[in-house]
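Every chain is numbered from 1, with letters handed out A, B, ... down the list of sequences.
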Amino acid sequence: MKGRIRRSLVRIYAMAAKEGRHIVRDPRTLYMSLGMPVLLLFLFGYGVAFDIDRIPLAVVDQDRTESSRALVHALTASRELVSVGELPDPAAVLGAFRQERAVAALVVDEGYERALLAREVVPVQLLVDGADALVANQLLAKADALVRAESQRLASAEVGETTPPVRVKVWTRYNPDGRSAFYMVPGLAAYLLAITAVLLTALTIAGEWERGSMEQLFASPIGRLEIVLGKLLPYLGLGLLEFLLVVAFGMIAFDLPMRGSGFALALLGLVFLLGMLGQGLLVSVIAKNQTVATQAGTMSSLLPSLLLSGMIFPIENMPVVLQHFSRVIPARYLVHGLRGVLLKGNGLDVLWPDLLALAVFALVVIGLATARFQRRLA
Amino acid sequence: MSAPAPGAPVIEARQLTRRFGSFTAVDAVSFEVERGEIFGYLGANGAGKSTTIRMLNGLLAPTSGTARVAGHDVAADPDSVKASIGYMSQKFSLYLDLPVMENLLFFGGAYGLFGKALRVRAGELLELTGLAGQDAAITGSLPGGMRQRLALAGAILHRPEVVFLDEPTAGVDPVARRAFWRLIRQLSSGGTTVFVTTHYLDEAEYCRRIGLMVDGRLVALDSPAGLKRTWVPDRVLVARGQGLAGAAAALAGRDGVRSVQPFGAGLHLRVDPARLDEAGVGRILSAAGAREVVVDRAEPSLEDVFLAVVGREARGEAVT
Ligand SMILES: Nc1ncnc2c1ncn2[C@@H]1O[C@H](COP(=O)(O)OP(=O)(O)OP(=O)(O)O)[C@@H](O)[C@H]1O
Ligand SMILES: [Mg+2]
């Protein structure tokens, strides 16, 4: 019995070591698992981060008082709006939009400070270039919040400390700057991890079939669970490295906070990876050739992880059918868990349902892959 | 372990049959292979050679019939069979992106070898197969002959009782083929049983016994000399000289002449020795205008045997 287990471990080790050597020698695998996700995170991350960052704002200040300058300062204090200079009058705004020197313009009419002191309601105009609707919408929300905050500041200064400031925005809770990057990057990380992990293993078993080496393996005493585990281990290591790299990159490039424990983070990544690598193996066992495996692997991970994980579209807003369907998409649990660990500092006590769901998924797909894996030919 | 009794056959196939749907790839094949024997399995493309090997390896379940390999039943106990054999599959399969040594270490590990013992054994085999010093070479950069020898090394790391080699020398140059067969003979003299399929009839001469497959059936089984005696009773003659091409027509249709074929600059003919001999052939050719005619007896080749067997099968005659 002990001898049998030891022989089995020797075979798993041989398989894992061989697979590890393939990885080390294959620049494509290394790029796909380590280079591409970081690159994509960078591109996507800045893509989503850009629309709320450094929006060029033209200022038409016809009041030219301390109060009007305070308002401009309030709007441009965070980097989200940056002043690109003053315009002489509102008529110049359209020109600035056309030349794309500014996307928004703040127009403060003469008499702003006077009206404030007289405790009148003061209208200020914010003109927005609506050509990019996404930017325009975000901008309006942003400016609205900023102006409200400024008017509250003015109101409380006026009345003293008695009126408690009213919290308007829900999203400011864990993301005080309203930075969508904080919300998006964990989602992106989960998504990238999902597609690369599935593809990594989807290619390996199909590769053995194509090469003809599978027949050679089947003729040896190596068992199918041993093949599956041996193939899983090195990719698990690679995947964990990818996971840590992506999270670390998110922290460096997007100031992503890390409020939870490293252990919770690693555990989450590990269980998720097991499931996605297992899904790749399952695809590979069924497809038997690399082209089909690549397509099936991509289809089965890319779209669900993109659309149903809650990364872009909140799950609560989905049609009920899709909400139910999203329960079998592992990325959903990783996105949720990751946001929890990174942004809220959740520990295992809160995280366990996500972990449990991921573990069940992993067990099911690895079990299915092993069961579907015929160790005889034809 | 149910080790076979000494002297018992190492491979024993009884009415072994495999069907794919309604197509019978291997049809009631029976034979025995003794310990240390080199057993050649010959047949045209699609004859059923690989299918037979896969059943003996435990890779394909037989549709009917039984087989025992190294004392284990292939259908009931394929795992024990797998542990006692080595196999070089036809669409064979080293990992070309890995160095030579890594390939050996992997296949050794797959058979449960590890650590120092594995490294020592792998080194021994590199020596044996003439690959010493190539440990770090990337397998894909080796010439075909070296790859085949490396593949053989990978198949015998664990000292199996039987090795199955499915067309191991396909596509390899003649010099490399000869080197490979030297290794096979070495293995066999060390007591390993070798079951080998091939398309090359010249190398089949090295086998102690040969089975001939035609359309899934084993139609002949004997030593090379025995096959020639049974299947080519005619005398094979080679005629050389000047002007043979014009004179050849005179032989066709003569009493006792079975076949005439140009062979290089000369003629290759088969005659019934009871009715015509070398001198008779020489007289006929000279009379027809050929000069300096020399006629010699030649050994029939396995190619003659193969043509005779396939010809008789095609005519649907019973094998006697
Ligand atoms: N898995 C399979 N499914 C269906 N038919 C098969 C299968 N494997 C083999 N065959 C058929 O069985 C026949 C025998 O095939 P086999 O591979 O045993 O021939 P072979 O003698 O090894 O030929 P070759 O010299 O081409 O390797 C062929 O007609 C082949 O098409
Ligand atoms: Mg074959």
Should B/Glu32 and B/Arg14 be marked as a salt bridge (Lys or Arg N to Asp or Glu O under 4.0 Å) after you check the CA-CA gap, both sets of side-chain angles, and the distance that decides it? CA-CA 9 Å; B/Glu32 292 180 357; B/Arg14 299 234 176 290; 3.1 Å; yes
Measure distances from B/Leu118 to the heavy atoms of chain A and classify the residue's part below 4.5 Å as side chain, backbone, both or neither.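 Answer is neither: B/Leu118 stays 4.5 Å or more from chain A.
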What closest approach, in Å, do [X] and [Y] show between heavy atoms, and which atom pair accounts for it?
X        : Y        : answer
B/Ile156 : B/Arg121 : O-NH2, 2.9 Å
A/Val283 : A/Ala293 : CG1-O, 3.6 Å
A/Met32  : A/Thr196 : O-CG2, 3.3 Å

Given heavy-atom pairs under 4.5 angstrom as the criterion, report whether the side chain, backbone, both or neither of [X] touches chain B.
X        : result
A/Glu208 : side chain
A/Arg21  : both
A/Glu210 : backbone

Please work out whether the ring planes of B/Phe195 and B/Phe164 are parallel, tilted or perpendicular, with thresholds of 30° and 60°.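 Rings of B/Phe195 and B/Phe164: tilted, 30 to 60°.
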Shorter than 4.5 Å, heavy atoms on both sides: which option in B/Leu113, B/Asp97, B/Ile85, B/Leu105 has the most such pairs with chain A?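 The option with the most such pairs is B/Asp97.
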Report the option among B/Ala110, B/Gly112, B/Ala83 that has the most heavy-atom pairs separated by less than 4.5 Å from atoms of chain A.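 Going by pairs under 4.5 Å, I would pick B/Ala110.
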